[in-house]
Amino acid sequence: MATSDNKLIQVKDLKKYYNGESIKALDGVSVDINKGDVMVVIGPSGSGKSTFLRSLNLLEEPTSGTIIFEGTDITQKKGPDGKKLNIDLHRQKMGMVFQHFNLFPHKTILQNMTLAPVKVKGMSQEDADKKALELLGRVGLADRANAYPIQLSGGQKQRVAIVRALAMEPDVMLFDEPTSALDPEMVGEVLDVMKKLAQEGMTMVVVTHEMGFAREVGSRILFMADGKLLEEGSPDAIFNHPQNPRLQDFLSKVL
Amino acid sequence: MNFATIGQNIVKLTAKYWDKFLLTGMGYTLSLAAITVAVGAILGALIAFMRMSKIAPLRWIASIYTEIIRSGILAVDIGQTEAARSLGMSHRLTMTQIILPQAIKNILPALGNEFIMIIKDTSLASTFFIGDLMTQVLVVKGATYLTIEPLIMVAVIYFALTFVLTKLLGVFERRLRRGDVR
Ligand SMILES: Nc1ncnc2c1ncn2[C@@H]1O[C@H](COP(=O)(O)OP(=O)(O)O)[C@@H](O)[C@H]1O
Ligand SMILES: [Mg+2]
């Protein structure tokens, strides 16, 4: 199944150290992310999940290792054409959703969603508005287009953050604990949007503590601990037949 | 269009418009560049000299304003930069569209506070007979031999000034902050 043109992101021996070598946030992670994967990353706090995710779009600069995204090694300073690698171009193709939403408070919902498409991709404001309204409609927020972020609930903010990233038409969506900052009653509405996105075939990498979501929506589960990828498998394999003692221990605590 | 015609056109244009290119155009380009560099150098030198000055108040002024602006920028949540960059926005776009508009909201109130502080501190300038409120006390005192009355009068003015300005600043600050929390 996994032919080479099916691979969207290839991560090879990725390491990220802080304070010299004293903190090994990532200690040699290798994994291929294929088109259409809904890869859910689980593991105890401090195991390197965020660092892994944030390395994929180089919000964190890896200490060593390679990340090949759509055929380009984005960890290199120079692109294949010998010119300086423009990471902005690759980031446009990787949407990211943060735990704390990070909406732009001084811009309306519509402006939040159209700024990058217009200023970065050169889309016309009319086209960008149209696209944004259509996306907002899909998450049930078309009537909030002219509101400011402060006027929205947490769940609404996160839905906007998701469609803001989608407005750039990315090839993969990265989620870092998208429901961890939400009041419990709002978790469902955000997970529903993510589930719909997965069903539409979007490639997703999701760091989450929502084991129900991982089990139901995930196509592959990664278990991380101490900066290492300790176990990888289908939801059934991971949740029903865990092998690694650290995973067994982790699951006994969270399930 | 081929290279020969392009070449001929260039020759023709050179004959007809050489002054436009060589005098007007180049003149503007060079002067613009010169002005930019000059303004930059003057501002830079000014701040640098102020920060290195032997005169303590100058050092102090330069460091206060650079610090107000620097911390105004740093106070903007790092998540804003990360969100912008993750959308593919360049460093420059992120600065101009996302960070600076929010930093202004930190910087303006701080400058306002600074202004109010300075109003009080200018009383020290009366030592040099500059003409400020405190100097007027000395003037009135010199003319009338009354000490306490003019002092009370300017004290009231100082109080009214700073009180009203502080209140205005508070209103202004609240207006700035409206719609601001993520
Ligand atoms: N900027 C940083 N400086 C120093 N240590 C860091 C930094 N960011 C993360 N770490 C450390 O790296 C490890 C992995 O962190 P993180 O990726 O955030 O874990 P997770 O998302 O799984 O909770 C932790 O031990 C954390 O303290
Ligand atoms: Mg994390």
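Chain naming here is simple, since letters A, B, ... match the order of the sequence lines and numbering starts at 1 in each.
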Would you sort out whether B:Ile98 and A:Leu115 count as a side-chain contact (heavy atoms from CB on, under 4.5 Å), showing the intermediate values? CA-CA 10 Å; B:Ile98 305 301; A:Leu115 182 67; 3.6 Å; yes
With side-chain contact (heavy atoms from CB on, under 4.5 Å) as the test, would you mind laying out the steps for B:Met89 and A:Arg91 before giving the verdict? CA-CA 8 Å; B:Met89 290 169 64; A:Arg91 284 187 177 138; over 6 Å; no
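Remark: the backbone N or O of A:Leu103 is paired with a side-chain donor or acceptor of B:Gln80 at under 3.5 angstrom. Side chain of A:His90 to backbone of B:Gly88: no donor-acceptor contact under 3.5 angstrom is found. With A:Asn102 contributing its side chain and B:Gly79 its backbone, the two residues share a donor-acceptor pair below 3.5 Å.
Neither the backbone nor the side chain of A:Leu58 comes within contact range of chain B; no heavy atoms are under 4.5 Å apart. For a residue to count as touching a neighbouring chain, one of its non-hydrogen atoms must lie under 4.5 Å from one of that chain's; by this rule A:Met168 touches chain B with the side chain only. Heavy atoms closer than 4.5 Å to chain B are found in the side chain of A:Lys107, but not in its backbone. Both the backbone and the side chain of A:Arg164 come within less than 4.5 Å of a heavy atom in chain B.
Chain B forms the most heavy-atom pairs under 4.5 Å with one residue out of A:Leu89, A:Val120, A:Asn57, and that residue is A:Val120.
Annotation for B:Ala83 and A:Phe98: closest pair CA-CE1, 3.7 Å, computed over non-hydrogen atoms.
The number of heavy atoms from other shown groups lying within 6.0 Å of CD1 (B:Ile148) does not exceed 12. The local environment of NZ in A:Lys119 is sparse, with at most 12 non-hydrogen atoms from other residues, nucleotides or ligands closer than 6.0 Å. The number of heavy atoms from other shown groups lying within 6.0 Å of CE (B:Met50) is above 12. Few gaps surround OH on A:Tyr18; more than 12 heavy atoms of other groups in view lie less than 6.0 Å from it. Dense packing is recorded around CD of A:Glu185, with more than 12 heavy atoms of other residues, nucleotides or ligands lying under 6.0 Å away.
Counting only heavy atoms from C-beta outward, the side chains of A:Asp88 and B:Arg85 approach each other to under 4.5 Å. Side-chain atoms of B:Asp77 and A:His100, non-hydrogen and from C-beta on, never get closer than 4.5 Å to each other. A:His106 is listed as a side-chain neighbour of B:Lys105, based on a closest heavy-atom distance under 4.5 Å. Side-chain contact between A:Pro105 and B:Gln102: present, with at least one pair of heavy atoms (C-beta onward) separated by less than 4.5 Å.
In this structure, A:Phe104 CZ and B:Leu87 CG are separated by 5.5 Å, a value rounded to the nearest 0.5 Å.
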